[in-house]
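Letters A, B, ... are given to chains in the order of the sequence lines, protein chains preceding strands, and every chain is numbered from 1. Note that the structure is predicted; figures quoted are calculated from it, not measured. What's counted below: heavy atoms across the whole structure, side chains too, no hydrogens, waters or symmetry copies.
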2 protein chains.
Amino acid sequence: MTSPAVPAPRTQVTRKDVARYAGVSTAVVSYVVNGGPKKVAPATEAKVQDAIRLLGYRPNAAARALKLGSTETIGLIIPDNSNPFFSLLAHAVEDAAAELGFALFLTNSDGNLAKERRNIRNLAARQVDGVVLASVLLDPDLTDLEAAEIPSVLLSHSERSAGFTTVGVDLAEGARKAVEHLVWHGHTNIGLAMGTTTGNEGDAREDGWLQALKDAGLAEGPIARSEFTRVGGYAAGQRLLASANRPTAIFASSDMQAIGILRALHEAGLSVPGDMALASFDGAVEAEYSWPPLTTVEQPVRDMAEAAVRALVGADRGEPARHRVFPTRLLVRQSCGCG
Amino acid sequence: MTSPAVPAPRTQVTRKDVARYAGVSTAVVSYVVNGGPKKVAPATEAKVQDAIRLLGYRPNAAARALKLGSTETIGLIIPDNSNPFFSLLAHAVEDAAAELGFALFLTNSDGNLAKERRNIRNLAARQVDGVVLASVLLDPDLTDLEAAEIPSVLLSHSERSAGFTTVGVDLAEGARKAVEHLVWHGHTNIGLAMGTTTGNEGDAREDGWLQALKDAGLAEGPIARSEFTRVGGYAAGQRLLASANRPTAIFASSDMQAIGILRALHEAGLSVPGDMALASFDGAVEAEYSWPPLTTVEQPVRDMAEAAVRALVGADRGEPARHRVFPTRLLVRQSCGCG
DNA sequence: GTGAAAGCGCTAACAC
DNA sequence: GTGTTAGCGCTTTCAC
């Protein structure tokens with residue numbers, strides 16, 4: 001069914017209609033609908049409920065929002081909903097929000113700073129009660145939100161950021177765990193496929209990789225930088241294979257990159273983990289179904305999403321800004337040489 | 001930044017403040033902000049713009065929505081945003097909506113009928129201007145939307161449905177193409193891994209598979225039914241392998257199932273396409289990065305999303321309900337035996 | 001070209 | 001327990 005070419009005459013049933021039909025005042029209807037703030041006699045309540053049902057009354061959220069100054073809505077900004085990590089994150093945020101009666105505006109920034117800013121502005125204009133931002137930057141511009149006094153939290157953000165509530169994982173520690181595992185397998189030349197960020201900022205996964213190497217007394221392996229995507233990983237994989245000191249193992253900063261590397265490896269006729277071991281980061285389901293299944297550092301996406309929403313509009317609302325770090329877990333599968 | 005424990009005193013700058021500051025009436029501010037419906041003298045306009053900038057004025061969307069009866073918002077209901085097919089669809093719908101100045105409420109039904117209905121109701125209460133529904137059912141219950149006179153379109157819907165605008169692909173034809181290709185490779189025993197729907201309704205992909213077999217004078221191959229997921233595909237794959245008349249090729253009704261089948265095949269030490277050829281449906285990016293890359297029937301997701309949004313709130317709004325079928329394309333890769 | 005004012009549907013303080 | 005009513009911020013008709 002599509003909308004009529006000419007807008008139909010406003011046929012909306014209002015609170016007033018219900019009141020008239022039930023023979024009460026509009027206030028009473030409000031009390032019934034909202035369960036307060038005043039008590040209503042059971043008999044009256046029944047009359048009102050009947051009227052509501054009969055008339056098919058549905059409260060107008062816009063009017064309510066105008067009056068209350070709250071839309072029961074939050075906004076989410078992610079780089080790319082078609083990236084498995086973010087789509088899972090979005091799903092989890094939606095669940096957490098719905099749990100609290102909040103609806104979720106989904107916006108993609110496509111790794112584009114201007115678009116991210118536009119989305120922030122747009123959400124602010126729509127009077128959302130909060131925004132969850134998985135930014136392309138370490139230090140996003142939140143002035144529009146601040147001006148509108150809209151709380152925000154930085155999700156999938158691994159650095160403490162003064163004055164902001166942030167939730168993420170310890171990237172360095174996660175990366176270190178994965179690389180240490182590769183070291184444990186006996187590898188002495190471990191390469192890094194590192195994702196690049198829009199802001200060209202450093203990434204702690206690189207530090208973790210380096211630290212693990214140092215701790216093991218190993219030389220720094222080759223690095224290939226590329227996008228946090230399958231295509232990016234594919235290119236990085238090819239470069240790593242062609243490098244003068246070809247590694248025997250690779251740590252990839254995301255599962256998507258590892259998937260790309262896997263393709264490069266397969267095309268080169270190399271076996272994994274025999275000719276090249278692999279470990280990555282994120283814990284996407286896709287990594288469990290690659291061949292071989294990827295050993296990866298899992299991020300507790302649902303927990304992080306819940307924490308973000310709770311800090312924004314749930315129980316933790318109003319608590320002082322802080323950096324919440326969630327634990328990662330090394331999912332040991334076969335690409336590393338286990339099993 | 002989190003919200004203050006005690007709601008700050010409403011500090012919002014309103015149209016009235018701007019008017020006072022600029023020394024004009026509130027009507028003029030409206031004219032300037034909306035570029036109409038009346039003309040404003042350039043000098044006045046400048047004064048108003050200055051005031052807006054200085055005061056940091058931002059229009060209140062809720063008030064506007066209340067007045068206009070339109071929220072410039074659409075709702076999307078999909079089964080699962082962490083399924084690559086739907087996450088891409090959601091991204092595309094968001095893009096199409098944003099293009100038209102509409103924001104997108106994302107909701108997941110998790111393949112759950114009750115949840116789908118709850119989401120519909122919730123979106124209706126929020127006065128969305130339209131809803132795009134990728135239902136778990138062939139014949140979803142849209143009464144809440146109809147009662148609220150909210151237009152809707154059924155997306156990723158392959159059956160004509162009287163009175164509804166629907167957009168989808170010809171599943172039977174797509175499946176037929178894939179199976180015909182498998183036949184062309186010389187296979188005579190082609191199994192089917194068929195996804196099951198919540199409503200237990202038939203799926204035209206099955207018809208397409210059967211038709212291709214019949215047209216080629218082939219006997220009906222074995223069928224394994226399971227969920228439209230990786231896990232489902234994995235189980236289906238195992239069953240197909242164990243079946244009395246094990247096929248030499250499988251057509252899977254979704255890429256996710258094929259990914260699962262691939263795992264079952266690998267675990268069984270079978271080579272693809274050597275020991276078992278494979279083709280599937282959807283055209284997810286993940287299918288391009290599996291090993292071997294999957295031959296799959298691509299759905300034009302972006303085109304479908306755009307068509308849905310356009311029919312809802314864009315140029316095609318108000319056109320009579322119709323069933324829009326988009327063409328699929330066989331993406332020939334290696335799992336079928338090519339290359 | 002500009003302004004005054006009605007009213008969108010709702011909540012809740014206040015009066016009874 | 002129930003009713004009256006004043007706005008929330010905005011758009012737009014109608015008068016000037």
* Between A:Lys16 (NZ) and C:dT11 (P), how many Å, whole number? -> 15 Å

* **Minimum-distance nucleotide (side-chain atoms of B:Val28 versus C:dT2, D:dT4, D:dT12)** => C:dT2

* Presence of A:Arg15 side-chain N/O under 4.0 Å of C:dG9 phosphate oxygens OP1/OP2 -> no

* **Sugar-phosphate only, base, or nothing, as touched by B:Ser30 at under 4.0 Å among non-hydrogen atoms** => base

* Which of residues 53-67 of chain B sit near DNA chain C, with a heavy atom under 4.0 Å from it? -> B:Leu66, B:Lys67

* Structure fact -> Looking only at heavy atoms, the pair that brings B:Leu55 and B:Asp17 closest together is CD2-O, 3.8 Å

* To do: Just report the end-to-end axis angle for the helix from C:dG1-D:dC16 to C:dC16-D:dG1, five pairs per end, to 10 degrees.
  => 40°

* Asked: In this structure, are over 12 heavy atoms from other groups packed under 6.0 Å from A:Glu99 atom CD?
  -> no

* **Pair A:Asp50 + A:Lys47: basic N to acidic O under 4.0 Å** => no

* To do: May I have all residue pairs that pass salt bridge (Lys or Arg N to Asp or Glu O under 4.0 Å) and include part of residues 123-144 of chain B, sequence neighbours excluded?
  => A:Arg58-B:Asp144, B:Arg117-B:Asp141, B:Arg121-B:Asp144

* To do: Specify the closest pair of heavy atoms between A:Ile74 and A:Val93, including all atoms of both residues, with the distance to one decimal.
  => CD1-CG1, 4.4 Å

* Asked: Rounded to the nearest Å, what distance is computed from the CD atom of residue A:Gln127 to the C1' atom of nucleotide D:dC10?
  -> 11 Å

* To do: Please report the shortest heavy-atom distance between A:Tyr57 and A:Val33, naming the atom on each side.
  => CE2-CG2, 4.1 Å

* To do: For B:Ala41, answer base if it contacts any base atom (sugar-phosphate contacts may also be present), sugar-phosphate if it contacts only those atoms, and nothing otherwise; contact means non-hydrogen atoms under 4.0 Å.
  => sugar-phosphate

* Asked: Base, sugar-phosphate alone, or nothing: which one does B:Thr44 contact when heavy atoms must sit under 4.0 Å apart?
  -> sugar-phosphate

* The single option from B:Leu133, B:Leu106, B:Asn81, B:Leu89 passing side-chain contact (heavy atoms from CB on, under 4.5 Å) against B:Leu76 -> B:Leu106

* Asked: B:Asn34 CG to D:dG9 C1': how many Å, rounded?
  -> 12 Å

* CG of B:Asp303 to CZ of B:Arg324: how many Å apart, nearest 0.5 Å? -> 8.5 Å

* To do: Could you state the atom-to-atom distance from CZ of B:Arg126 to C1' of C:dG9 in whole Å?
  => 16 Å

* Asked: Considering residues at least two apart in sequence or located in another chain, which fulfil the ring pair (Phe, Tyr, Trp, His ring centres under 6.0 Å) criterion with A:Phe105?
  -> B:Phe105

* To do: Send over the distance from A:Tyr31 OH to D:dG3 P, rounded to a whole Å.
  => 10 Å

* Spacing of B:Leu68 atom CG relative to D:dT13 atom P, expressed in whole Å -> 11 Å

* Structure fact -> Here the residues of residues 18-25 of chain B within 4.0 Å heavy-atom distance, strictly under, of DNA chain D are none

* **Distance-minimising heavy-atom pair for A:Pro140 and A:Ser135** => CB-OG, 3.5 Å

* List for me each residue that meets side chain to side chain contact (heavy atoms under 4.5 Å, CB included) alongside B:Leu138, sequence neighbours excluded, and say none if there are none. => B:His157, B:Glu159, B:Glu201

